[in-house]
Each structure stands twice: as C-alpha cells, then as structure tokens.
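What you are looking at is a predicted structure, and each value in this text was computed from that prediction instead of being measured.
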Amino acid sequence: MLRTEAVLDALARRGPVGAPADPAVSLLRALTDDVDQWLSSVSITPST
C-alpha cells in the first residue's frame, strides 16, 4: 500500500516514479504526460 501511495504521489508531483520497468507505472506515466500535453494545447479563451 505504501508503494502505491508513493507512486501516485510522484505522478501527481510529476516527479520521478522510480520503477520504470513496471508496466502499470509506465502506463500511468504515459497517461499523465498525455494529459499534460492536452492541457497545454487547450485554449482557455472563449470562441466567438
């Protein structure tokens, strides 16, 4: 349980996760990277 919390905390901080060989951790890292890219490309100005 502590390992899971540590991984989730690292992902939330966008810090190093520590176990890149774990497929689940790699998938979560990729998903957070995708969300970060999506958020940076979204315009917050209203369209007219």
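- Partners of Leu11 under the side-chain contact (heavy atoms from CB on, under 4.5 Å) rule, at least two apart in sequence or in another chain, are Val7, Val17, Leu28, Arg29, Thr32.
- Applying the 4.5 Å side-chain rule to ILVMFWY residues, one finds Leu27 in the same cluster as Leu31.
- Residues forming a salt bridge (charged side-chain N to carboxylate O under 4.0 Å, His left out) with Asp36 (at least two apart in sequence, or on another chain): Arg14.
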